[in-house]
Structure formats: structure tokens, C-alpha cells
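Written out below as C-alpha cells is the structure these notes cover.
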Amino acid sequence: MENLFRLVDQDQGFFQRKWTLVNGPLIVGAGPSGLATAACLREQGVPFVVLERAECIASLWQKRAYDRLKLHLPKQFCQLPKVPFPEDFPEYPTKKQFIEYLESYAKRFDINPKFNECVQSARYDETSGFWRVKTVRGSNKAEFEYICRWLVVATGENAESVVPDINGLADFGGEVIHASEYKSGEKFKGQNVLVVGCGNSGMEVSLDLANHNASPSMVVRSSVHVLPREVLGKSTFELAVLMMKWLPLWLVDMILLILAWLVLGNIEKYGLKRPLMGPLELKNSKGKTPVLDIGALEKIKSGDIQVVPGIKRFSRGRVELVNGEKLDVDSVVLATGYRSNVPSWLQEGEFFSKNGFPKAPFPNGWKGKGGLYAVGFTRRGLSGASSDAINIAQDIGKAWKQENKQPKKRTIACHRRCISLSQF
């Protein structure tokens, strides 16, 4: 079918733009979410095309993750559908191991994304019942268009770095990078480094800097939940999952906070004020992930990591804090998070909200109208993405197999839709 419409395009001149009709769903994004969906579709026998703007799979992990990064949760909660992690992998796989796992996963299911292809826009054509997805390819920015019945948005929660507008930062003069550009504390040895942000990235970057003999100061503007990664040798997350099977959320939150106090002590005296809402309730309602401590708190207690309040303004080589204190700073790392980029290219306002996340809460945010799907937007990590991928593949598989039961009628319908599309 794809080749047929290429011939219509080239030989009969219906279109000026190069385009192709996808015989199956188009998946935008070749991170873990896109790979999981493709693998599940492969198991259903449904053909697909995966588009990726970078030159590799899982570009967030390969291009924008610091060297010391490990999975924050035990590997059994992070595996993709159909394939567990190798038994010889540690409980918390490293960045390198996770990338190896994803590359092996893509090879196993014969997933071959079209790399260096950046989606510029996607809109649904009501007349034909197809999605029209426009892209630019490679260094020469050649334009291309994909036409598909089903569109799977797998660009994820962390597609774009968030860089806040901070008063005076342009006049600072020293190195300023986002955490996505940070690799190791080696180059910052002996420097006074201001880390802006106290989430998991901010904590780990600060810890890495301290371990490389830098002097990090971590900006904590708001309250934050810090939990031990493990309690008595058991994953805190795993304990929470087990308790949630039997206990209400508020009680699980209370137990987690008691365990955190027993293991970590009173963290508020170190400048880390806890939110009024419990860690799981806050995660479910606001999407704010608790910090799982892997050693940063000990560095805070020893003074190797300084906790400071919010920033008032920067000046040349210095920062003034909201409490009036002034610090000499050599470099700045912005651990200020990421955001979805969906609103920049998807021309749709019913399923996705303006913040780039589906409007429907979990577990119902994976399916929209007109063949639109979302995977990896649950704020529940890789396990949430895997659940979405399974649901999406089953839903598309059922429709695709139903259509292919009557191939002649389907071919006639596709011809009619092609004629309709040719009017644009």
C-alpha cells in the first residue's frame, strides 16, 4: 500500500510534497515508551513506523543523562513488556546497562526507527479520517509528510529542558548549564557550584559534585519529600506498592513518613521542609516525585553540600539569595526539570491539555479520539508507560485485524481516502 501511494505521488503528480501512507500506526518518539508500544504492536502482528528526532533510541538517556545515573527503582518495576532485565544486572541498573537493555529490546522486536526526523506538525483530517504528520529530515531539513490512521504520541514527559528566567543570570559570567548537559563533577573540582533545584536530579548532581571535591550549594525554594531508597534492605517503593494493596493511601503515606524519620531523622533542621501533603498523595495529585536519597543527605548533614533558600538575583560571579546572603559562585547547574513538547507540534485541543499531558487522569489517559493515543504520560515511570503500551497495542491491533479481514473493501476505502487527501 505504501509503495502504491508513492507511485501515485511521483507518477501522477497529485502532490508536490513527498509523502507516504503508513500501513498501521505512526509512533512519534523512540524512547522507552515508543519502543514498548512498537514491541507490543509487533506481537499483535501490526506494522508500524517509529519517528525519532535524534540519531539514536532513548536520546534522553544517551545524550542528556549524567554519568552516575542509575534507575531509581528496582529493575522489576522498570522493565518493558515481554522482556525482563538480565538476571546478572544489579537491582538498580546503571545508565550504560539500561541503554544496553533498550538496544537489545529494539533488536529483539526488529524496531528500526527513522532517525533524524523531527515532527513539525500533526493534525487530524476529518474528511479522510487520517492524521497528517509533517516532518523535516536530516541536516538539509527536507520536508516530508506521513499519512496514517493511528497516531501514537510517545515523546514523553521530559522532551524539553526547563530553563527558568532568573534575574541577572545573563550577567553572571561563569558557566551555566542545565542538568541535561551535566555529565560529571570532574570538571568542577575545586569550584563553588550553585545547583538550582532539589529534586532527584538536583540531589544527585550535588552529591556527584561533592564526591569530586567541588563545593555545591543547592537551592531549595519549596518543600520536598526525601525518602530513603531502601528500608532494612528493602526498596521503599516496593514496600509502598505492597502496602497499597491492603491499606488506604493516607495510611501508607503516614507509614512512609515514619520510616523516613526513623532512617533519615529530622531533615527540616537542614533546610529541607516537608510538604503538608503525603509523598504518594502529592505524586498522584501534582505529579511531584519524592526524592529517593542515595547519599546526598549525609553530605548535607556533614556540610559538604550547603542548602540555601531561593535566588533573588545574580551578578558578576555572585548570587544574592532571598534572605540577603551573598555567595561567590564559579558555575551554575540548573536542575530545573523538563516538560512535554506536545503543544508545539500536535494540533489538537481535546485530548491533550496546554501543559502537554492528557486531560484524563490515570489510568484513562492513553486513548483519545480519531485514532490518537498517548504513551508515557502517566507520571508513573516506566511501569506506567508499559501499561499504556499494552493497552494501545491491543486497541489498535483489534481495529487493524478487523479491517484486514476484508482486504478488497479496505483497498477501495484507502483509494477513496487518497483521492480525498489529494485535494489538500
Side-chain angles (χ1 to χ4, degrees), residues 1-5 20-62 75-86 89 97-117 119 122 130-131 133 135 146-156 363 366-368 371-378 381-407 410 414:
M1 187 61 67
E2 181 174 331
N3 291 333
L4 167 66
F5 285 103
T20 189
L21 179 67
V22 179
N23 182 25
L26 183 70
I27 302 169
V28 182
S33 297
L35 296 179
T37 306
C40 292
L41 287 166
R42 184 73 76 201
E43 290 281 289
Q44 293 275 339
V46 178
F48 56 82
V49 172
V50 181
L51 302 182
E52 170 55 48
R53 64 179 177 177
E55 71 277 13
C56 60
I57 64 168
S59 62
L60 177 64
W61 281 83
Q62 299 213 50
K75 61 183 180 181
Q76 65 265 31
F77 296 103
C78 301
Q79 63 193 31
L80 300 186
K82 315 294 182 182
V83 183
F85 281 94
F89 273 28
Q97 289 170 327
F98 187 55
I99 292 170
E100 288 175 358
Y101 168 76
L102 294 178
E103 289 176 339
S104 174
Y105 190 87
K107 184 177 181 180
R108 175 169 180 162
F109 291 100
D110 193 26
I111 303 169
N112 300 293
K114 295 181 180 295
F115 294 118
N116 296 306
E117 190 137 9
V119 173
F130 277 83
W131 285 91
V133 182
T135 72
Y146 293 89
I147 299 171
C148 56
R149 283 285 312 281
W150 302 282
L151 176 63
V152 181
V153 179
T155 48
W366 58 273
K367 183 179 180 180
L372 179 62
Y373 298 88
V375 56
F377 292 88
T378 64
L382 294 168
S383 62
S386 295
S387 175
D388 285 344
I390 293 168
N391 288 333
I392 291 169
Q394 289 176 345
D395 199 64
I396 293 177
K398 183 179 179 180
W400 191 85
K401 290 170 185 175
Q402 186 66 35
E403 285 192 4
N404 279 270
K405 285 181 178 179
Q406 299 174 315
R410 181 174 182 271
C414 285

Spacing of [atom1] belonging to [X] relative to [atom2] belonging to [Y], to within rounding of 0.5 Å:
X: Leu80; Y: Thr37; atom1: CG; atom2: OG1; result: 9.5 Å
X: Lys107; Y: Leu102; atom1: NZ; atom2: CG; result: 15.0 Å
X: Leu26; Y: Lys114; atom1: CG; atom2: NZ; result: 10.0 Å
X: Gln79; Y: Ser386; atom1: CD; atom2: OG; result: 8.0 Å

Tell me, please, which residues at least two apart from [X] pass ring-ring contact (aromatic ring centres under 6.0 Å, His included).
X: Trp366; result: none
X: Tyr146; result: Phe144
X: Phe77; result: Phe237
X: Phe377; result: Phe352, Phe357

Heavy-atom distance under 4.5 Å between the side chains of [X] and [Y], does that happen here?
X: Val153; Y: Val28; answer: no
X: Val375; Y: Val152; answer: yes
X: Val50; Y: Ile111; answer: yes
X: Leu21; Y: Cys148; answer: no
X: Val49; Y: Leu51; answer: yes

Evaluation steps, side-chain contact (heavy atoms from CB on, under 4.5 Å), between Arg149 and Trp131: CA-CA 6 Å; Arg149 283 285 312 281; Trp131 285 91; over 6 Å; no
Kindly say whether [Y] contributes a backbone atom to a donor-acceptor pair with the side chain of [X] at under 3.5 angstrom?
X: Glu52; Y: Ala30; answer: yes
X: Ser104; Y: Glu100; answer: no
X: Ser33; Y: Gly29; answer: no

Donor-acceptor pairs are to be reported for all side-chain atoms of residues 40-47 against protein atoms at under 3.5 Å, with residues two or more places apart or in another chain.
unit_1: Arg42; atom_1: NE; unit_2: Phe109; atom_2: O; d: 2.9
unit_1: Arg42; atom_1: NH2; unit_2: Asp110; atom_2: O; d: 2.6
unit_1: Gln44; atom_1: OE1; unit_2: Lys401; atom_2: NZ; d: 3.0

Could you tell me which residues satisfy side chain to side chain contact (heavy atoms under 4.5 Å, CB included) with Pro86, sequence neighbours excluded, listed by chain and number? Asp88, Phe89, Tyr101
Heavy-atom closest contact ([X] atom, [Y] atom, distance):
X: Ile392; Y: Ala374; result: CD1-O, 3.5 Å
X: Cys78; Y: Leu382; result: O-CD1, 3.4 Å
X: Ala39; Y: Tyr105; result: CB-OH, 3.2 Å

With sequence neighbours excluded, residues passing side-chain hydrogen bond (donor to acceptor under 3.5 Å, both in side chains) with Lys367: Asp395
So, do Trp150 and Tyr373 have ring centers that fall under 6.0 Å from each other? no
Enumerate, atom names and distances included, each donor-acceptor pair closer than 3.5 Å involving a side-chain atom of residues 53-60, sequence neighbours excluded.
unit_1: Arg53; atom_1: NH1; unit_2: Glu160; atom_2: OE2; d: 3.0
unit_1: Arg53; atom_1: NH2; unit_2: Ala159; atom_2: O; d: 2.7
unit_1: Glu55; atom_1: OE2; unit_2: Lys63; atom_2: NZ; d: 2.8

